[in-house]
Amino acid sequence: MSAPTDAQRMEKIVSLCKRRGFIFQSSEIYGGLNGAWDYGPLGVELKRNLKNYWWRVIVHERDDVVGMDGAILTHPAVLKASGHVEGFSDPMVDCLITGKRFRADQIDGQSGQIAEFVGAVDALSFHKLTREGETPERSTIWSKTDIAPALRMVFKNQSGGFRGEEGSGFVEFGDVPEAKLDSLRKLIEQNLFTSASLQPFSALDMTGDLKNFVSISKRGFNPTIKLAQEFYEKRGVPFPVVFMLRPKTVENTKRYNPENGALLTEPRPFNLMFKTYVGATEDESSIAYLRPETAQSIFVQFKTILEVSRKKLPFGIAQIGKAFRNEINPRNFTFRSREFEQMELEYFCRPEQAIELLEYWKNERLKFYENVGISRANLHVRNVPDEERAFYSKGTYDIEYDFPFGRQELEGVAYRTDYDLLQHQKASGKSLEHFDDEAKERFIPHVVEPSAGVDRTILALICDAYAEDQAPNDKGEMESRVVLRFHPRMAPIKCAIFPLLKNKEPLVAKAKEIVALLRPHMTVFYDEGGAIGRRYRRQDEIGTPFGVTIDFETLGEKDPALRDTVTLRDRDSMKQERVAIEDLPSILRERIR
Ligand code: GAP
């Protein structure tokens, strides 16, 4: 079952991200670089919180996992051995009109009428020949006996339509298309048409594997005629009169551009890796790749790391870092980017332990997402069927999230068998075998890999946290507010500090003291501008879970017992509690851990 989509909600989220400094389009002042994003002051804090928490639970809180930080520039031999140079590709197709590129496997099926066009000639020549056909005995062209039958075949009893009497249009080739097409070819060979005489046969015999143009439409065939005219015009026929075969109805086809209905080219593989050159020469010998996943450097260093860390199997190596893929269609905000970060764990084990560990890691990873505040109801586990899995994988779970644009993968948890280590052993000639002291045997370890995307998880965190509700303003009237209900452990700013009035020096001084007290423990934000309700609203919108207000009670002006206490406001319940300033660090530390 797929989740319903909500484009409006997504638009609001993207706009909030930009307005409040979470995520911006990269190189925006130059028109933007498609598929690349910059994280602003709040976005970078959110990202750090996520990565730190992943590192904490995967590496620091475990005995059986160590970390590494590998290079992004990767030797081609590594990626040849892993299969990326040959096989890391997506099927791509191009629109014959706009040239826009799509991933063939991401095109939704369409149903409608398809119209096939077998060619076109320019309107000027077409109308001249049609007119002369009305009095053939007075026309030098129609009087040529060798082409008169062909002229009659194409120009007599046409059914079609034209834009104005002399304009571009279409002719239906009806029941005997082959005979009509042969006649048309014959006439083109005689150089009877302006465009054809410049470039004989150009409109009918295009380069490439397509001679004809086909398009689909759900609303009659007028749009398809317009598209066909654009197609032939781009190929040198001015004001084209297009020749159309009788339209047919088709169901659920993926051969047409979903945006304009034009036929797409046949799918061809497109390698997703970014290639670069290392050093001063640009030739075959200096090629390197930007890594398409962090995993390969872990496999390549597996043996060294196992030795230096003196661990026993099962044992894991974790890495967080950038990966690069030249995605055909980056889309859905940061969801599919060309530069992104991964959090990957390669967990090495004996073959007989792998299936159990696959279940274990799937459950651990689900717990992780709940612990960073993503609602369990929006998380789903998909058991990836055999035909969709990599050939070497003996089991894969996708952990999916209900984004506003639909249910999509956040993380893959895959049993990769011994494939990667075996490949690198074969290609490098270096043994990657492990010697098991207890069993006294040598073998290539098997691997279970939980591989998560930082950027996708950040997007899921923001989508899950985004809410609109009602909150009282300074006059006690309810008004709508936008709030990011981040889990306190993920929130970019943990606590906002507000002196009730900015022109009351003792309030301001106390507030600044509290900033200094909390700053070593957490991110804080000091705000003295505007009514207190407005200040709360600004913090709610960026997901700050706690707000501390310094008021006259804090100064002991109303009740000496309340001296050095402050109100601590909770973002979600909007409840306020009175707490001693000296207790603030421990209370807040406990809640944000
Ligand atoms: N080492 C295995 C691996 O890389 P993957 O399913 O291709 O597997 C793992 O990628 C995760 O990386 C995905 O689940 C996703 O979260 C993230 N990811 C992959 N491609 C991405 C892209 N183009 N943009 C953002 N995140 C991406």
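Quick note: residue numbers are just sequence positions, from 1. Hydrogens, waters and symmetry mates play no part in the numbers below; they use all other heavy atoms, side chains included. In each ligand, atom 1 is the first atom listed, and ligand 1 is the first ligand listed.
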Open item on the list: So, applying side-chain hydrogen bond (donor to acceptor under 3.5 Å, both in side chains) with Thr544, which one of Arg571, Arg538, Gln539 is it?
Closed with: Gln539
Task: Identity of the nearest option to atom 7 (O) of ligand 1, non-hydrogen atoms only, from Glu409, Arg325, Glu293 - done: Arg325
- [ ] Please identify which atoms of ligand 1 are closer than 4.0 Å to at least one heavy atom of Arg416.
- [x] 1 (N), 2 (C)
Task: Gln408 near ligand 1 by a heavy-atom separation under 4.0 Å - done: no
- [ ] For the pair Asn329 (side chain) and Arg101 (backbone), establish whether a donor and an acceptor sit closer than 3.5 Å, ignoring hydrogens and angles.
- [x] yes
Open item on the list: Below 4.0 Å, non-hydrogen atoms only: which portion of Glu400 touches ligand 1? Side chain, backbone, both or neither.
Closed with: neither
Tell me which donor-acceptor pairs under 3.5 Å the side chains of residues 297-307 have, and how far apart each pair is, sequence neighbours excluded?
from	atom 1	to	atom 2	distance (Å)
Ser297	OG	Thr294	O	3.1
Ser297	OG	Gln319	NE2	3.0
Lys303	NZ	Glu433	O	3.3

Task: Heavy atoms of other groups near Arg48 CZ, more than 12 under 6.0 Å - done: no
Open item on the list: Does the plane of the ring in Tyr401 sit parallel, tilted or perpendicular to the ring in Phe403? Use 30° and 60° as the thresholds.
Closed with: perpendicular
- [ ] Establish, yes or no, whether a centroid distance under 6.0 Å links the rings of Phe368 and Tyr53.
- [x] yes
Open item on the list: At less than 4.0 angstrom from any non-hydrogen atom of Phe335, what atoms of ligand 1 do you find?
Closed with: 24 (N), 25 (C), 26 (N)
TODO: Give the numbers and elements of all ligand 1 atoms closer than 4.0 Å to a heavy atom of Glu449.
DONE: 1 (N), 2 (C)
TODO: Provide, to 0.1 Å, the distance between atom 15 (C) of ligand 1 and the closest protein heavy atom, together with that atom's residue and name.
DONE: Arg456 NH1, 3.4 Å
TODO: Flag yes if more than 12 heavy atoms outside Glu438 fall under 6.0 Å of its CD atom; otherwise flag no.
DONE: no
Task: Leu410 near ligand 1 by a heavy-atom separation under 4.0 Å - done: yes
TODO: Flag Arg336 as yes when one of its N or O atoms lies below 3.5 Å from any N or O atom of ligand 1, and as no otherwise.
DONE: no
- [ ] Please write down residue, atom name and distance for the protein heavy atom closest to atom 8 (O) of ligand 1.
- [x] Ser451 OG, 3.9 Å
Task: Protein contact of atom 18 (N) of ligand 1 - nearest heavy atom, named by residue and atom, plus distance - done: Phe340 CE1, 3.5 Å
Open item on the list: Whether the Asn257 and Asn260 side chains hold a donor-acceptor pair (N or O, under 3.5 Å, no angle test) is what I'd like checked.
Closed with: yes
Open item on the list: What I want to find out is whether Arg481 reaches Glu468 closely enough, with some N-O distance under 4.0 Å, to be called a salt bridge.
Closed with: no
TODO: Please determine which of Arg103, Arg268, Lys100 meets the salt bridge (Lys or Arg N to Asp or Glu O under 4.0 Å) test together with Asp94.
DONE: Arg268
Open item on the list: For atom 1 (N) of ligand 1, tell me which residue out of Glu327, Glu344, Arg338 has the closest non-hydrogen atom.
Closed with: Glu344
- [ ] Starting from atom 24 (N) of ligand 1, find the nearest protein heavy-atom neighbour and note its residue, name and distance.
- [x] Ser337 N, 3.0 Å
Open item on the list: Test your reading of the structure: does Gly453 have an N or O sitting under 3.5 Å from an N or O of ligand 1?
Closed with: yes
Task: Nearest neighbour of atom 10 (O) of ligand 1 from the list Glu411, Gln296, Gln342, Glu341, on a heavy-atom basis - done: Gln342
